[in-house]
Amino acid sequence: MSSDCLFCKIASGDIPSTRVYEDDVCLAFEDLHPQAPTHILVIPRQHVASMDTAGTEHKEMLGHLLLAAAKIARDKGFAEDGYRTVINTNGDGGQTVFHLHVHLLGGRQFVFPPG
Ligand code: AMP
Ligand code: ZN
């Protein structure tokens, strides 16, 4: 837990969120400013700032986040239509919250490469 981290406060319940999934490693909640009909953030309970500070000790947690996102997409019924998972890293990557998170976006057609 990092005391000044927004997503640590969401994980602890100090800041409210609309949770859609949780287990012992991660939790998932709706993004406050959705960029698609479904826009969910999957975060580790453990504070890791970004992919740039992740190491081999986080290998299992990182796989866990992606598998959780895939499960949520199936459970919500848009996996077969398709979806996008995104991890923004540092400034050029567009990261604004420095607690590692996977964006799970679904419910519309996405283009590639993204802007
Ligand atoms: P990123 O720009 O990749 O760091 O993504 C941060 C995301 O967190 C953005 O999509 C924001 O809309 C979202 N966000 C910021 N504050 C909150 C909050 N209190 N609850 C839910 N989502 C949030
Ligand atoms: Zn944090």
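Both ligands and their constituent atoms are indexed starting at 1 by order of listing. These numbers come from a predicted model, not from an experiment.
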message = Under 4.0 Å, heavy-atom basis, I'd like to know which part of F29 is in contact with ligand 1: side chain, backbone, both or neither.
response =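 F29 to ligand 1: side-chain contact only, backbone stays beyond 4.0 Å.
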ask   = What do we get for V86 next to ligand 1 when only non-hydrogen atoms under 4.0 Å count, side chain, backbone, both or neither?
value = neither
Please list the nearest protein heavy atom to [atom] with its residue and the distance rounded to 0.1 Å.
{"atom": "atom 1 (P) of ligand 1", "answer": "H101 NE2, 3.1 Å"}
{"atom": "atom 15 (C) of ligand 1", "answer": "L6 CD2, 4.0 Å"}
{"atom": "atom 21 (C) of ligand 1", "answer": "L32 N, 3.4 Å"}
{"atom": "atom 4 (O) of ligand 1", "answer": "T96 N, 2.7 Å"}

key: Passing option when F7 is tested against V97, L100, L27 for side-chain contact (heavy atoms from CB on, under 4.5 Å)   =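 That would be V97.
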Any N/O pair [X]/ligand 1 closer than 3.5 Å:
{"X": "Q95", "value": "no"}
{"X": "I15", "value": "no"}
{"X": "G94", "value": "yes"}

task = Compare every heavy atom of T89 with every heavy atom of Q95, then report the nearest pair and how far apart it is.
result =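 It is OE1-CA, 3.4 Å.
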key: Distance-minimising heavy-atom pair for C8 and H99   = SG-ND1, 3.5 Å
task = Using heavy-atom distances, let me know which of D31, V102, T89, I40 sits nearest atom 7 (C) of ligand 1.
result =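 When every heavy atom of D31, V102, T89, I40 is considered, D31 comes closest to atom 7 (C) of ligand 1.
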Number the atoms of ligand 1 from 1 as they appear, then name those within less than 4.0 Å of a heavy atom of [X], with their elements.
{"X": "I10", "value": "18 (C), 19 (N), 20 (N)"}
{"X": "F7", "value": "8 (O)"}
{"X": "H33", "value": "12 (O)"}
{"X": "E30", "value": "21 (C)"}

Checking the side chain of [X] only, and the main-chain atoms of [Y] only, is there a donor and an acceptor separated by less than 3.5 Å?
{"X": "R74", "Y": "E80", "answer": "no"}
{"X": "D23", "Y": "C26", "answer": "yes"}
{"X": "R108", "Y": "Q35", "answer": "yes"}

key: Pair E22 + R45, salt bridge at N-O below 4.0 Å   =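 Salt bridge between E22 and R45, a charged N being under 4.0 Å from a carboxylate O: yes.
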message = Starting from L6, can I reach F29 by hopping between I/L/V/M/F/W/Y residues whose side chains sit under 4.5 Å apart?
response = yes
query = Which protein N, O or S atoms sit under 2.8 Å from the Zn ion (ligand 2)?
reply = C5 SG, C8 SG, H47 ND1, H99 ND1
message = Rounded to the nearest 0.5 Å, what separates atom CZ in R84 from atom CG in L104?
response =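 Atom-to-atom, R84:CZ and L104:CG are 12.0 Å apart.
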task = Identify, with sequence neighbours excluded, every residue that meets side-chain contact (heavy atoms from CB on, under 4.5 Å) alongside D81.
result = none
task = Measure up the H39 and H103 rings against each other and bin them: parallel (under 30°), tilted (30 to 60°), perpendicular (over 60°).
result =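 H39 and H103: tilted rings.
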query = Hey, mind stepping through S50 and D52 against side chain to side chain donor-acceptor pair (under 3.5 Å) and telling me if it holds?
reply = CA-CA 5 Å; S50 74; D52 191 36; 4.9 Å; no
